[in-house]
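Since the structure comes first, as structure tokens, the remarks are kept for the end.
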Amino acid sequence: MSIDLVAIENKWNEEWLNKRIFEAEVIDNKKPYMIVPAFPYVNGNLHIGHIRTYTTADVVARYKRMRGYNVLYPIGFHATGTPIVAVAERLANNDQDMIKQLKNDKIPEDVIQKMRDPIEIVNYFIPRQLEAFKRYGMSIDYRRQFVSIEPLFSKFIEWQFNKLYEKGVLVKGTHYVGWCPLEKNAVGQHDTKGDVQPEIEKLVAIKFKLKDSNDYILCLTYRPETIFGATNLFINKNAKYRRVLIDNVSYIVSNESIIFVENQFNNVEVKDDVLDASSLEGKLVVNPVNNEEIPIWTADFVEPDFGTGAVMSVPMHDAFDYVYSKVYATSHGLELKPRKLIDTKELDLEKLMNEVYNEATANNSINRYIIEKYNESLYKKEFKDGILTIEPYKGMNVKEARERVKEYLLSNGYAIDYYIIANKEKVKCRCGALVVPKIINDQWFIDYGNKEWKKLAKELLDNAIIFPDKARKAFYDAAEWISLRAAERSNGLGTRFPFNKDHIIESLSDSTIYMTFYTYVHILRDKKIRPEQLSFEFFDYVINGIGDPETVSEKTGIDISTLKSIRESFSYWYSYVHRHSGYDLIPSHLTMAVFNHALILNRENWLKVLSVNGYVIANSEKMSKSLGNVLLALDMADKYGADVVRLAVAAGANLFSEYDFTDVVVNGIKESVQFLFDLLDNISSMNETKLKAIDYWLYSKLNRKIKEVTEYMESLELREAYVRAFYESINELKRYIHFNGNNPVVITEFLEKLALLLNPIMPHVSEELWHRLGNESFASLESWPTPNEELIDDSIEAMMDIIDSNVEDIKRLTSMLAKKNKSYKRIEIYIAKKELYDIYNSLVENINPEELKNKYSNYASIIDNYTKKLKKGGMRLKLDKSMIYELMEGYKEHLRSILNTDIVILDSDNAAIRDDKMALPDKFKIRIQE
RNA sequence: GCAGGGGUGGCAGAGCCUGGUCAAAUGCGACGGACUCAAGAUCCGUUGGCCUAGUGCCUACGUGAGUUCAAAUCUCACCCCCUGCACCA
């Protein structure tokens, strides 16, 4: 009968919750293990990608629980930050895309209407996400849930930031953000058209002083080192230019770039007069590095809305500059003297530039596409292989020279830093305005660049176990790389920034040591403790053990015993914390968690284990809300069963690889589960009581499996573990049946152990199997099976291998006969004489072959052959004739059905049998009866 | 650009650390067969190319070069893909 996975799941989920078996309390003499996956952000329903992460955590939780640890698996909800507010705002603006997305997410129409209020979004998704957690049988202690925007938690965050301040890592500074000049808002990825992240890049803008004037023409450049070869400047003939004072220095930039200047510099004054390009054309400017006077020319490739609307022209090292300069010079009867500054082997610049020029101007107009193509490869080559040929940079490679020249220009006031949005396509705010870089002054930062702090963080990493091992490098790398990080932002949900109450605490920073909250939040609720009671003294005491309960009690009004139990709960659970997350969060969340733990928490409370897993993609495509191909957790549970999905997503791929969720694979798992239950139903019809060879084989496989799976579980190699625990088990059971295995005791034991091995990944199936096998207890609370090493029998497994290779020979033989159209009545299989097995086993035991030859003189050549084989390392294990005979007898029926012919197993020791060509211990004799 | 991870047969994915036993585990898919009224499940076989069909030959593990008696495996260079890159969770 087809198994109803959904019914089983519901039954056990209810049982587990009713019996509260996953609610964890402090048990003094039991080792704690707290596993914390990243809490989900509550702006949508959980999808199978989430399920991968939470199942991986659950596998750890269940496994460790079965290994005798006191396990705490808590969950909370993340709501701080901007995305939720952004959704609400977009709904308030009647954004149709947003509405469509929510509809894809199966949100009812009336709920969508209400979601204009961000709190409604939070309130809607929390229960939905909880439903999914429960449905998937996560072994979570649900009493400890909280939301990151609740007042109790805010108190903790305030304390955390006060700690950061005390430790001196909260610093003020300036930084640059993508900015909408129209709405006067910082724009992140979700605020832009097409959801692109505005990338801010710092370049240099070189100041060319206009001759006989106090104005500078500002030229943005990617290649400051080429300034020594500038022959002229280019501006756009059709553009308008303006004067702008930055720190009282007068610059001339295009009208379009005014907005960039205004936003990224502090002291800016824009002049009203508008200059035509023609009023500048032909004038001379001074090259600051060599005081050469060079003219301003015009060219239409200069974009007024990129950079400053003016560029320097270095004809020998830029195809645009070359082509346009030459065109301009030719048409104006001027002379062009390109100067070579960079030498690149195998690159003849003059020839190349001529080539570009001819090709690009072939049709009486200038083909920019051709120029661009040349430029691209020229830039790359010069950057990689170029060597400077001018003093004082002669002999230097381009990479180094660029840095040196930049430094020289900036320190001498010949250039200024200039920020641009680096994206290839122009980035626009949802309102339609062009996004610009904006300087933010007096912004609070967390200084993750602090050397002392970095050292502490690395110490934490040094002492942490990291899964998969491959990720370790990424963690160190991220720790090295992370520097200043904004600590506050202007909008979103969350805790007010203590040092600037107009702002909200940046929401990655408020989810770094939040896990500490799980250890006592249920006590706060039980005792009805109010937010205002959670003073800094409270957290100092609970988290850092500072102060005494009496004083803190007086301060907070929380009674002493409650305080003590909170402190105890924290120090118990937080003595062993395993943090799990998606691998994309290594450079952000996880690294920040590492740093904050290292700085704020006592050493004994540092994170002990860090692990990450990869993405889930669906049918080879990335899941995305806007594409509408997100596979929702609850839908998939209905369709395939929660356990099937769990196995697929959490054990289908290595931790570090992405998993491709496809129908075929998942259906395959479902069928295999069905097989297990079918087998279970068949046990009642099995009646063998004696242990046969095949039973020993199955025992051997089972115990080897337990041993291997345990090893893989310890290193969190879930795929390897469950290939063995699930897929291989099923193959072995099938094989057992093919060999006529029918011992109910053996099968029952196998299935019982299997049920336990499967518990971490398929808890419902496990629990159901366990109970159907007659057990009363919860499989989820049983001990992890231990292998019985004595039952691991290499010999019996070797015998099965020998049978395999012999069966293969038989199959080959019959297929040959079939090809030749020869018919036969039956196949006789001869098992070698006892004497030969004795010889074989003696040789395996390293008995001197010569001795054996004396004893068995008529088998001398056989002894020689086996001695050779033994030397090659071919045979190692003793063979038991009676077992091989018995195994073959058991396999006879199955073989008969495969080959569709009569099979007879014969014993060469039986005198009645004519034995012209000898059967060998590892090579049966096969005779076809025609 | 910087950093991390990769490129293996129709697909997924092991193996590469510790070179040979690797035409490359395992799973899936596809094809053929058995069973079935039929479908599914199950079982058996084929699944780089070639033919003389042999435990045969050729070509293969991103590309090129090198080390070696021997390279998917070691070294170097190159190409390509994925992920992250700052206020965004």
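Chain letters run A, B, ... following the sequence lines, proteins first and then strands; every chain starts at 1.
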Item to check | With K202(A) via salt bridge (charged side-chain N to carboxylate O under 4.0 Å, His left out) - residues at least two apart | outcome: D417(A)
Item to check | By salt bridge (charged side-chain N to carboxylate O under 4.0 Å, His left out) - contacts of K670(A) (at least two apart) | outcome: none
Item to check | Distance, rounded to the nearest Å, where H589(A) contributes NE2 and rA86(B) contributes C1' | outcome: 13 Å
Checklist entry - With sequence neighbours left out, which residue pairs that include part of residues 584-593 of chain A fulfil the side-chain hydrogen bond (donor to acceptor under 3.5 Å, both in side chains) condition? => result S511(A)-H589(A)
Next on the checklist: For a quick test of reading the model: is some side-chain N or O of T82(A) closer than 4.0 Å to OP1 or OP2 of rA89(B)?
Outcome noted: yes
Checklist entry - Given atom CD of E403(A) and atom P of rC2(B), what is their separation to the nearest angstrom? => result 12 Å
Item to check | Euclidean distance for C1', rA25(B) against rC51(B) (whole angstrom) | outcome: 29 Å
Checklist entry - Reckon L484(A) touches a base, only the sugar-phosphate, or nothing at all at heavy-atom distances under 4.0 Å? => result base
Checklist entry - So what's rC74(B) paired with, Watson-Crick or G-U wobble, going by both distances under 3.5 Å? => result rG66(B)
Next on the checklist: Going by side chain to side chain donor-acceptor pair (under 3.5 Å), name the residues that satisfy it together with Q160(A), two or more places apart in sequence or in a different chain.
Outcome noted: T512(A), N596(A)
Checklist outcome for this item: Answer for the Watson-Crick or wobble partner of rU47(B), both distances under 3.5 Å, is rG29(B)
Checklist outcome for this item: Partner of rU83(B) under the Watson-Crick or G-U wobble criteria, both distances under 3.5 Å, comes out as rA3(B)
Next on the checklist: For a quick check under 3.5 Å, do N613(A) and H580(A) share a side-chain donor-acceptor pair by atom type?
Outcome noted: yes
Next on the checklist: Taking any heavy-atom pair under 4.0 Å as a contact, classify S509(A): base, sugar-phosphate, or nothing.
Outcome noted: nothing
Checklist entry - To the nearest Å, how far apart are E201(A) CD and rA86(B) P? => result 11 Å
Next on the checklist: Taking pairing as Watson-Crick or G-U wobble with both contacts under 3.5 Å, can you name the mate of rU42(B), or confirm there isn't one?
Outcome noted: rA34(B)
Next on the checklist: Please report the distance separating the C1' of rA53(B) from the corresponding atom of rG29(B), rounded so that it comes out in whole Å.
Outcome noted: 28 Å
Item to check | Partner residues of S509(A) under the side chain to side chain donor-acceptor pair (under 3.5 Å) criterion, sequence neighbours left out | outcome: E506(A)
Checklist entry - NA contact type, V612(A), heavy-atom cut-off 4.0 Å: base, sugar-phosphate, or nothing? => result nothing
Checklist entry - Between Y891(A) and F739(A), is the gap from one ring center to the other below 6.0 Å? => result yes
Item to check | NZ (K428(A)) with more than 12 external heavy atoms under 6.0 Å | outcome: no
Item to check | salt bridge (charged side-chain N to carboxylate O under 4.0 Å, His left out) against D663(A), all qualifying residues, sequence neighbours excluded | outcome: K639(A)
Checklist entry - Considering every strand shown, what is the Watson-Crick or G-U wobble mate of rU52(B) when both distances are under 3.5 Å? => result none
Next on the checklist: Taking only the P atom of each, what is the distance from rU21(B) to rG27(B) in whole angstrom?
Outcome noted: 22 Å
Item to check | Interatomic distance, N43(A) CG vs rA89(B) C1' [rounded to whole Å] | outcome: 8 Å
Next on the checklist: Taking rC17(B) as the reference, what is the distance to rA65(B) when you measure between their C1' atoms (whole Å, please)?
Outcome noted: 23 Å
Checklist entry - Among all residues two or more places apart in sequence or in another chain, which pass the side chain to side chain donor-acceptor pair (under 3.5 Å) test with K705(A)? => result S729(A), E732(A)
Every protein N/O within reach of nucleotides 3-7 of chain B N/O, cut-off under 3.5 Å:
unit_1: rA3(B); atom_1: O2'; unit_2: D477(A); atom_2: OD1; d: 2.9
unit_1: rA3(B); atom_1: O2'; unit_2: D477(A); atom_2: OD2; d: 2.0
unit_1: rG4(B); atom_1: OP1; unit_2: K473(A); atom_2: NZ; d: 3.0
unit_1: rG6(B); atom_1: OP1; unit_2: K470(A); atom_2: NZ; d: 3.1

Checklist entry - When all nucleic acid strands are considered with a 4.0 Å heavy-atom cut-off, which category describes K670(A): base, sugar-phosphate, or nothing? => result nothing
Checklist entry - What is the distance, rounded to the nearest whole Å, between atom CD of E480(A) and atom C1' of rC85(B)? => result 15 Å
Next on the checklist: Rounded to whole Å, please give me the gap between CG in D510(A) and P in rA89(B).
Outcome noted: 10 Å
Checklist entry - Going by modelled atom types, is there a donor-acceptor pair between the base of rA86(B) and the side chain of S483(A) at under 3.5 Å? => result yes
Checklist entry - Nearest nucleotide by nearest heavy atom, which residue falls closer to the 5' end of RNA chain B, V723(A) or P587(A)? => result V723(A)
Item to check | rA72(B) and rA14(B), which share atom name C1', separated by this distance in whole Å | outcome: 12 Å
Item to check | Distance between C1' atoms of rU75(B) and rA60(B) (Å, rounded) | outcome: 22 Å
Checklist entry - Who passes salt bridge (charged side-chain N to carboxylate O under 4.0 Å, His left out) against E403(A), sequence neighbours left out? => result K406(A)
Next on the checklist: By nearest atom, which of the nucleotides rG84(B), rC85(B), rA89(B) is closest to the Y615(A) side chain?
Outcome noted: rG84(B)
Checklist outcome for this item: For E717(A), the side chain to side chain donor-acceptor pair (under 3.5 Å) test, sequence neighbours excluded, returns S715(A)
Checklist entry - Is atom CZ of R704(A) surrounded by more than 12 heavy atoms (other residues, nucleotides or ligands) closer than 6.0 Å? => result yes
Item to check | Whole-angstrom distance between rC44(B) and rU52(B), as gauged at atom P | outcome: 31 Å
Checklist entry - Hey, would you say the Y514(A) and F153(A) ring centroids sit under 6.0 Å apart? => result no
Item to check | Per-nucleotide protein contact string for nucleotides 27-43 of chain B, where B marks a base within reach and S marks sugar-phosphate only (heavy atoms under 4.0 Å, - for neither) | outcome: S-S-----------SSS
Checklist entry - Given atom CD1 of I586(A) and atom P of rC85(B), what is their separation to the nearest angstrom? => result 13 Å
Item to check | Spacing of the P atoms in rC61(B) and rC69(B) (rounded, Å) | outcome: 22 Å
Checklist entry - Tell me: CD of Q443(A) to P of rA86(B), nearest whole Å? => result 15 Å
Sub-3.5 Å pairs of nitrogen or oxygen atoms, protein against nucleotides 11-18 of chain B:
unit_1: rA14(B); atom_1: OP1; unit_2: N654(A); atom_2: ND2; d: 2.3

